Amino acid sequence: MRRKIIAGNWKMHGSRAENTQLVETIISGFAGDDGAECVICPPFVYLHEISRQLRDSAVKLGAQNLSAEAQGAFTGEVSAAMLRDVGCRYVLVGHSERRALYGEDDGLVARKYAAAQAKGLVPILCVGETLAEREGGHTHPVIARQLDAVLAVSDVGTLARAVVAYEPVWAIGTGRTATPEQAQDVHAFVRERIAARDAKIAADLSLLYGGSVKASNASELFAMPDVDGGLIGGASLKAEEFLAICAAALDGRVV
Ligand code: 13P
């Protein structure tokens with residue numbers, strides 16, 4: 001059975017004082033559930049402290065980025081092993097802000113995905129088209145290219161220990177959410193493309209939607225058959241809002 005996953009991408013927000021309060025509220029509001037996973041992805045510098053705070057809780061830790069290299073003279077970079085060392089289980093790979101602002105191309109994203117896998121981190125591989133690409137009718141080819149680049153380097157079997165997040169760039173931080181039908185269309189496309197290589201892997205893969213998800217629109221998105229949860233930006237910084245989104249992923253069951 002596919003697991004529902006709600007992951008909070010804090011981006012470059014937070015402070016030690018703010019985090020303590022936010023994490024405390026999330027921990028006490030999310031009791032854990034066999035069918036769902038709640039993940040938070042704070043900035044690197046806070047990972048270790050938050051990892052301790054999450055101990056004995058049902059909430060998992062993820063990072064927002066990692067180096068494609070294992071170790072060495074790479075000033076400012078953080079390796080997969082280091083992330084494991086401080087208690088991360090997940091890592092975002094290929095977020096559109098990394099692609100657009102820091103020049104991460106498909107090849108580098110594929111190497112980061114492989115680096116995460118090599119150390120037992122679960123990559124949350126982000127894919128998504130820009131507004132111009134969507135309006136030009138290129139959504140499916142763009143998503144296909146982003147997926148295929150990863151699968152050119154890593155075997156399709158690695159997706160058994162990975163998550164894919166569809167984040168249309170035009171929906172990120174804009175308040176403009178994809179409609180449930182638009183999200184479903186791309187999610188179904190992703191699953192079909194992977195099923196062409198391995199039907200079982202595709203059927204079991206959790207596909208998250210990200211882009212202006214809020215408590216008020218989460219239920220209708222998560223009701224779509226191929227939407228298995230969300231990657232949440234702004235709304236993950238508000239504990240009650242984030243917990244309400246977690247609850248929506250569990251079909252309203254108590255979390
Ligand atoms: P928002 O939820 O703020 O639109 O951000 C989405 C996102 O980029 C999560 O990775």
Side-chain angles (χ1 to χ4, degrees), residues 4-14 18-19 22 26 37-44 46-47 50 59-66 83 88-104 109 112-113 116 121-131 133-134 139 142-143 146-147 150 162-180 182-183 186-187 190 206-222 224 227-249:
K4 297 270 187 184
I5 299 175
I6 301 298
N9 173 10
W10 292 9
K11 309 193 180 183
M12 199 169 73
H13 294 288
E18 287 169 359
N19 300 346
L22 176 58
I26 293 171
E37 186 106 315
C38 171
V39 184
I40 54 173
C41 303
F44 285 140
Y46 300 128
L47 289 172
I50 292 177
V59 179
K60 302 287 192 305
L61 190 63
Q64 298 174 17
N65 184 25
L66 83 165
L83 296 178
C88 288
R89 168 138 182 73
Y90 291 88
V91 62
L92 304 184
V93 173
H95 190 279
S96 65
E97 287 151 19
R98 301 295 318 170
R99 293 179 190 259
L101 303 175
Y102 300 98
E104 293 195 10
V109 171
K112 290 190 173 198
Y113 174 97
L121 285 167
V122 177
I124 301 177
L125 172 66
C126 303
V127 297
E129 81 288 0
T130 63
L131 186 59
E133 288 164 341
R134 172 162 284 266
T139 300
V142 167
I143 305 294
Q146 292 172 339
L147 277 177
V150 168
V163 175
V164 174
Y166 168 54
E167 294 207 310
V169 177
W170 47 271
I172 296 177
T174 58
R176 184 178 165 190
T177 317
T179 65
Q182 285 173 321
V186 175
H187 284 224
V190 169
S206 291
L207 298 179
L208 314 187
Y209 168 79
S212 298
V213 178
K214 303 182 277 288
S216 58
N217 60 23
S219 294
E220 58 181 20
L221 286 161
F222 300 163
M224 303 312 281
V227 180
D228 308 309
L231 181 52
I232 320 299
S236 73
L237 298 167
K238 300 175 215 145
E240 298 304 335
E241 181 89 7
F242 187 60
L243 287 168
I245 295 169
C246 291

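As the structure lists them, so they are numbered: ligands from 1, and atoms in each ligand from 1. For clarity, every value in this text was computed on a predicted model and none was experimentally measured.
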Consider ligand 1: state whether an atom of it lies below 4.0 angstrom from any non-hydrogen atom of [X].
X	answer
A235	no
A171	yes
G210	no

Side chain of [X], backbone of [Y]: donor and acceptor closer than 3.5 Å?
X	Y	result
N65	H95	no
S219	A248	no
Q64	N9	no
R99	V109	no
Y209	A178	yes
S206	V163	no
K214	A235	no

Item to check | Test of proximity, G173 against ligand 1: N or O pairs below 3.5 Å | outcome: yes
Identify the protein heavy atom lying closest to [atom], giving its residue, its atom name and the separation to 0.1 Å.
atom	answer
atom 3 (O) of ligand 1	G234 N, 2.8 Å
atom 5 (O) of ligand 1	K11 NZ, 3.3 Å
atom 2 (O) of ligand 1	G233 N, 2.9 Å

Checklist entry - Counting from 1, what ligand 1 atoms have a heavy atom of G211 closer than 4.0 Å? => result 4 (O), 6 (C)
Checklist entry - Which atoms of ligand 1 have any heavy atom of L231 under 4.0 Å away? => result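 So the atoms of ligand 1 that pass are 9 (C), 10 (O).
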Next on the checklist: For the CD1 atom of I6 and the NZ atom of K60, what is their distance to the nearest 0.5 Å?
Outcome noted: 14.0 Å
Checklist entry - Of R176, E97, E167, H95, which has the heavy atom at the shortest distance from atom 6 (C) of ligand 1? => result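 Selected option, by shortest heavy-atom distance: E167.
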Item to check | Location of contacts on N9 toward ligand 1, heavy atoms closer than 4.0 Å | outcome: side chain
